[in-house]
Protein chains: 2
Amino acid sequence: MTAKKEDFKKEREIFLEHIQRSGLRRTAQRDLIMEIFLRTEDHLTSEDLYWLVQKEDATVGNTTVYRTLKLLTEAGLAREVRFGDNKTYYEHHYNHEHHDHMICTECGLIFEFFSPEIESLQDKMADKLGFRPTHHSLRIWGLCKTCQKVDTSGHAVASGAQPKVRMRSVTGS
Amino acid sequence: MTAKKEDFKKEREIFLEHIQRSGLRRTAQRDLIMEIFLRTEDHLTSEDLYWLVQKEDATVGNTTVYRTLKLLTEAGLAREVRFGDNKTYYEHHYNHEHHDHMICTECGLIFEFFSPEIESLQDKMADKLGFRPTHHSLRIWGLCKTCQKVDTSGHAVASGAQPKVRMRSVTGS
DNA sequence: TTGATTGCAAAGCATTTGCATGCTA
DNA sequence: TAGCATGCAAATGCTTTGCAATCAA
């Protein structure tokens with residue numbers, strides 16, 4: 001989709017605009033946190049982001065990262081996702097079409113996928129119940145290709161649900 | 001499905017069996033908590049259940065309810081569900097077919113529904129990604145029939161996402 | 001009698017809030 | 001200069017754990 005080397009020009013613009021419209025102020029911390037968030041194509045928690053920010057500016061506080069992630073969410077650049085481990089993850093939202101997630105319970109790998117058929121069936125179900133849907137969340141847990149092999153023959157190579165690598169999206173079917 | 005007045009004979013049996021197999025002990029508290037859980041057809045948090053238990057035996061502690069819900073889950077009688085408000089809800093699991101949820105963001109009403117088509121499409125997607133699914137969760141948020149009407153004309157009659165009423169399941173399509 | 005169970009209080013964990021200080025606009 | 005932003009520490013809300021006393025088997 002965004003074929004050019006991602007420069008996040010539009011994203012920055014959106015963030016600054018949101019800040020101005022809300023009567024807020026642009027600060028070095030917010031800039032830095034946004035930059036690092038934008039260049040990290042991953043599902044990350046506030047703490048994950050905090051440590052990334054720490055590497056570049058150790059004076060930035062935990063709280064500011066939390067608050068800035070909320071801001072990014074309000075601005076439409078980020079989206080909160082939960083995967084059942086009682087943590088809030090954030091993913092890119094701007095220019096990222098709606099999608100669902102598959103989560104490998106062994107290595108923590110997260111796939112994004114999209115199925116128009118599933119979407120339309122969901123709407124059909126809601127309609128049948130007289131329900132007006134605003135948003136939804138579909139998550140499928142299981143074992144990814146790699147962990148299936150490893151899991152049957154012995155111990156996993158990389159376990160612990162830490163990696164949180166984001167695979168390229170798959171659209172189907 | 002279970003047409004007769006629910007007596008939960010089988011459920012009790014399962015719980016006791018699980019306790020024995022695990023080398024655990026049957027206690028008055030566990031019995032009481034199980035009974036109240038079984039007779040409450042609802043999605044409830046540990047705290048919800050705690051207060052119901054309090055009404056019948058005020059000496060039972062919070063912690064015991066937590067621990068017993070875990071036990072009930074292990075035994076296969078309960079299942080944990082999360083609706084995004086950072087609380088863990090429990091629903092009946094034994095003899096309750098797999099289903100998904102629609103959650104009214106206005107009144108907290110929870111619908112259960114099941115769509116074999118959606119299920120099979122999910123499996124298809126997983127298969128395409130070489131993913132072996134173990135479980136999944138589909139939740140749709142929005143406004144129920146009642147809250148749609150109320151919401152457009154003025155204030156909601158019953159708001160606050162508290163009721164947590166469980167509607168009869170709907171299967172489709 | 002033994003060791004699991006209980007209930008209290010305290011600890012954990014992720015997240016939020018209060019507040020004095022610092023800094024944008 | 002006004003008042004929003006920051007970062008620390010403390011508070012929160014849900015859940016889990018430590019532990020001495022209790023109780024089932």
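Proteins come first, then strands; the chains are lettered A, B, ... in the order of their sequence lines, and each starts at number 1. Below, each value reflects all heavy atoms present in this structure, side chains not excepted, and no hydrogens, waters or symmetry copies.
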Separation of atom [atom1] in [X] from atom [atom2] in [N], rounded to whole Å:
| X | N | atom1 | atom2 | result |
| --- | --- | --- | --- | --- |
| B:L49 | D:dC14 | CG | P | 15 Å |
| B:L32 | D:dC23 | CG | C1' | 17 Å |
| A:W51 | C:dA14 | CH2 | P | 12 Å |
| A:K87 | C:dG12 | NZ | C1' | 13 Å |
| A:E47 | C:dA14 | CD | C1' | 9 Å |
| B:E80 | D:dT15 | CD | C1' | 11 Å |
| B:R30 | D:dA24 | CZ | P | 12 Å |
| B:Y50 | C:dT6 | OH | P | 14 Å |

Q. For residues B:H135 and B:H98, is any side-chain donor paired with an opposing acceptor at under 3.5 Å?
A. no

Q. Going by atom types alone, do A:H96 and A:E91 pair a side-chain donor with an acceptor below 3.5 Å?
A. no

Q: Rounded to 10°, tell me the angle between the two end axes of the helix from C:dT1-D:dA25 to C:dA25-D:dT1, each built from five pairs.
A: 30°

Q) Distance-only, no hydrogens or angles: does the B:T68 side chain make a donor-acceptor pair with backbone N or O of B:T64 under 3.5 Å? A) yes

Indicate yes or no: does [X] engage [Y] in a salt bridge with an N to O separation below 4.0 Å.
| X | Y | answer |
| --- | --- | --- |
| A:R39 | A:E56 | yes |
| B:K9 | B:E11 | no |
| A:R139 | A:D100 | no |
| A:E35 | A:R12 | yes |
| B:E119 | B:K124 | no |

Is [X] close enough to [N] that one of its side-chain N or O atoms is under 4.0 Å from OP1 or OP2 there?
| X | N | result |
| --- | --- | --- |
| A:T88 | C:dT15 | yes |
| B:R26 | D:dC23 | no |
| A:Q20 | C:dA25 | no |
| B:Q29 | D:dC23 | no |
| B:T27 | D:dC23 | no |
| A:R25 | D:dG3 | no |
| B:K70 | D:dT16 | yes |

Q | Qualifying residue for ring-ring contact (aromatic ring centres under 6.0 Å, His included) with A:H43, from A:F111, A:F83, A:Y89, A:F37 | A | A:F83

Q: Starting from the 5' end of DNA chain D, give me the residue, B:D85 or A:I19, whose nearest nucleotide shows up first.
A: A:I19

Q.
Quick check on contacts: within residues 52-69 of chain B, what sits under 4.0 Å from DNA chain C by heavy-atom distance?
A. B:T59, B:V60, B:G61, B:T63, B:T64, B:R67

